[in-house]
Amino acid sequence: MLEADGPLTRVIDQVIARPAAWENAPMTIPTDAFRRFQAELAALDASRPSKTPMELAKEEFLALRKRYGLTVADVVTFFPEEEGIAYLQQLIAARTR
């Protein structure tokens, strides 16, 4: 049980009262913790394979193709000519196996 005027009670009263100096004090974290956090984020980013914008667009379009039942012609006209040809070649190769 807490004493009515013990040291813990005084600390709690100070925290609850929040001195005016605390109101304008900036919230800071230790720089070593911040640097460690940044290093962990950098390690996560490095471990994740990055995709080019074209690869992301391809994945998105192929998902839309499946969802909406688009034709091969829709796919070929969406991509640049070289990639449309490569896509057709992949389809032909998959059918001849």
Side-chain angles (χ1 to χ4, degrees):
M1 186 152 196
L2 293 175
E3 298 175 24
D5 195 29
L8 186 56
T9 305
R10 284 192 295 269
V11 170
I12 291 172
D13 288 341
Q14 288 175 354
V15 170
I16 292 173
R18 284 188 297 169
W22 290 7
E23 299 278 327
N24 297 323
M27 292 187 63
T28 59
I29 58 173
T31 55
D32 60 322
F34 182 69
R35 287 186 182 144
R36 190 170 54 245
F37 176 70
Q38 285 184 321
E40 290 173 8
L41 284 179
L44 284 174
D45 285 342
S47 68
R48 199 176 329 151
S50 60
K51 295 183 179 181
T52 65
M54 190 60 180
E55 290 172 331
L56 293 172
K58 254 188 207 181
E59 287 178 7
E60 185 177 342
F61 186 80
L62 293 175
L64 289 171
R65 178 181 165 259
K66 280 185 179 180
R67 181 184 295 161
Y68 296 108
L70 299 174
T71 65
V72 172
D74 296 325
V75 175
V76 172
T77 57
F78 175 78
F79 294 118
E81 184 177 343
E82 305 85 35
E83 294 194 28
I85 292 169
Y87 180 75
L88 287 173
Q89 289 172 338
Q90 288 175 356
L91 287 178
I92 293 168
R95 287 190 178 194
T96 58
R97 289 183 195 167

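Quick caveat: nothing in here was measured; it's all calculated off a predicted structure.
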> Could you give all pairs that pass the salt bridge (charged side-chain N to carboxylate O under 4.0 Å, His left out) test and reach residues 70-84, with sequence neighbours left out?
Replying inline: Lys58-Glu83

>> If I take atom CD from residue Gln90 and atom CG from residue Leu88, how far apart are they, to the nearest 0.5 angstrom?
In response: 9.5 Å

>> Count I, L, V, M, F, W, Y as connected when their side-chain heavy atoms are under 4.5 Å apart, and connections chain through other members. Are Leu91 and Ile85 then in the same cluster?
In response: no

